[in-house]
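Single-structure report; data block below.
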Amino acid sequence: MVVVVGSLNMDLVVQVERHPTPGETVLGSDYAMYAGGKGANQAVAAARLLEPGVSKKPGSVRMIGRVGGDGFGDQLREGLRIEGIDIAGVQSLEAPTGVAFISIDKKGQNAIIVSSRANVRFQPQDLQTQVFAGATVLLMQLEAPLPTVRSSAELAQQVGPKLILNAAATLALSREDLSHVDVLVVNELEAAAISQTQPNTPQTALAIAQRLCQLCPAVVITLSQQGAVWADAKGQGHQRSFPVRVVDTTGAGDAFVGALAVSLCEDRGLPEAVRWGCAAGALATTKPGAQPSLPGREEVERMGLQ
Ligand code: RIB
């Protein structure tokens, strides 16, 4: 089972010719609303990618997070329920649901501002060890409060799943934080923030990944059009990206992480998990929106064979 502790947001998305610079106003398209939030996106990505027999069993993916007691919260919970995700741990609070304001430029590149609202009311004391029972993999990101992420890692360790941390959005992490993690997944910007080195090329990224392996056993750095690199005790490697026509990059990182989690759940090695991640991430950029763009297993398998 994949357990996800993280955020749920309603994404308000506008297409722009180019992103505004500070102080500038630009005109955009009509806005669209899509279900999002890194936590919820990764839960949906995993649910769509699990083997058909497994994914049809309700509760093969469990989401733990917080929404508001408003229409957005109801829509987000309902969307996850339809995917077969266990939402008993997604409680609603007397606070507005998290909202993400997203602009997409003509290259499909996004800029995101998150107003976390109910997500930041998710406290460590709201967690109990039994929510991690049966987990093979625990997926965490940094849109839930850091103390809650830390507490999830500590409680889950008593049960024993593999801990995957997608360190997004960028936050200062301590050595102690990373010591609980089995697999760290970051993009170029997050890798630069953690390592103080810019991963301009796959070679530099590999060197950073190897260096970060001193802090946790396995590190994956995603590099957009340049694919992803990985390093662990068994070796290191670079997976090239799959060529696609990019429409909207929102959710691509979450598709990557969901696919990586499912691969590791199914006992595939890190190189294959990264290949799957790259295939899922590429497919997610070909459609608008976060959750609507997350691919199914057949699509990823087809692309991964190319
Ligand atoms: O990773 C994409 C997600 O980041 C969006 O869905 C948005 O809600 C923000 O959390």
Side-chain angles (χ1 to χ4, degrees), residues 4-15 19 31-48 63-68 70 72-73 75-77 79-80 83 85 90 95-105 108-122 139-146 148-149 164-171 185-191 193 220-224 228 246-261 277-278 280-295:
V4 183
V5 172
S7 59
L8 302 94
N9 298 323
M10 186 57 82
D11 292 350
L12 304 183
V13 183
V14 170
Q15 316 265 341
H19 299 295
Y31 73 89
M33 271 189 342
Y34 300 108
K38 294 188 198 303
N41 295 346
Q42 293 178 18
V44 171
R48 290 188 188 161
M63 176 77 208
I64 323 269
R66 294 294 179 269
V67 290
D70 49 21
F72 282 173
Q75 283 177 52
L76 294 175
R77 279 170 55 90
L80 297 186
E83 298 285 344
I85 296 169
V90 183
T97 297
V99 172
F101 300 92
I102 304 182
S103 53
I104 311 285
D105 71 11
Q109 189 58 54
N110 64 38
I112 305 181
I113 299 172
V114 176
S115 174
S116 298
R117 310 308 299 264
N119 293 298
V120 288
R121 307 269 187 103
F122 182 16
L139 267 182
M140 302 170 297
Q141 318 76 30
L142 298 178
E143 284 186 345
L146 193 51
T148 305
V149 174
I164 303 180
L165 174 65
N166 174 213
T170 313
L171 268 190
V185 185
V186 285
N187 68 15
E188 304 103 308
L189 298 175
E190 295 142 10
V220 178
I221 304 179
T222 60
L223 302 168
S224 315
V246 177
V247 170
D248 174 358
T249 52
T250 313
D254 300 324
F256 183 101
V257 175
L260 186 96
C278 284
L283 285 163
T285 66
T286 62
K287 293 180 193 148
Q291 287 174 30
S293 73
L294 298 169

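All ligand and atom numbering here is 1-based and tracks the order in the structure. A quick note: this is a predicted structure, and the numbers were derived from the prediction, not measured.
- Ligand-side atoms of ligand 1 in range of Ala290: 6 (O), range being under 4.0 angstrom from any heavy atom.
- Residue-ligand proximity, Glu143 to ligand 1, at heavy-atom distances under 4.0 Å covers atoms 4 (O), 9 (C), 10 (O).
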Inset, instruction - Please assess Lys38 against Val257 for the test side chain to side chain contact (heavy atoms under 4.5 Å, CB included), listing each intermediate value before the final yes or no. - result: CA-CA 10 Å; Lys38 294 188 198 303; Val257 175; over 6 Å; no
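- In terms of protein heavy-atom proximity, atom 4 (O) of ligand 1 is closest to Lys38 NZ, 3.0 Å.
- Remark: minimum distance from atom 3 (C) of ligand 1 to any protein heavy atom is reached at Asn41 ND2, 3.6 Å.
- Heavy-atom distances between Gly253 and ligand 1 stay at or above 4.0 Å for every pair.
- Looking only at side-chain heavy atoms (C-beta outward), Ser224 and Glu188 come within less than 4.5 Å of each other.
- Residue contacts with ligand 1: Asp11 is placed with a nitrogen or oxygen under 3.5 Å of a nitrogen or oxygen of the ligand (distance criterion only).
- Side-chain contact check for Val44 versus Ile85: some heavy-atom pair is nearer than 4.5 Å.
- Neither the backbone nor the side chain of Gln291 has any atom closer than 4.0 Å to an atom of ligand 1 (non-hydrogen atoms only).
- Near Asp254, the atoms of ligand 1 lying under 4.0 angstrom from a non-hydrogen atom of the residue are 1 (O), 2 (C), 3 (C).
- Paired with Ser7 under the rule side chain to side chain contact (heavy atoms under 4.5 Å, CB included), one option of Val120, Asn119, Leu142 passes, and it is Asn119.
- Set against the non-hydrogen atoms of Ala100, the atoms of ligand 1 under 4.0 Å away are 7 (C), 8 (O).
- Near Gly36, meaning under 4.0 Å from one of its heavy atoms, ligand 1 places the atoms 6 (O), 8 (O).
- Within the 4.5 Å cutoff, side-chain heavy atoms of Gln291 are placed close to those of Leu80.
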Legend entry - Residues Val4, Gln141; criterion side chain to side chain contact (heavy atoms under 4.5 Å, CB included); working and verdict: CA-CA 9 Å; Val4 183; Gln141 318 76 30; 3.6 Å; yes
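- Put simply, the side chain of Val13 does not reach to within 4.5 Å of the side chain of Thr250, judged on heavy atoms.
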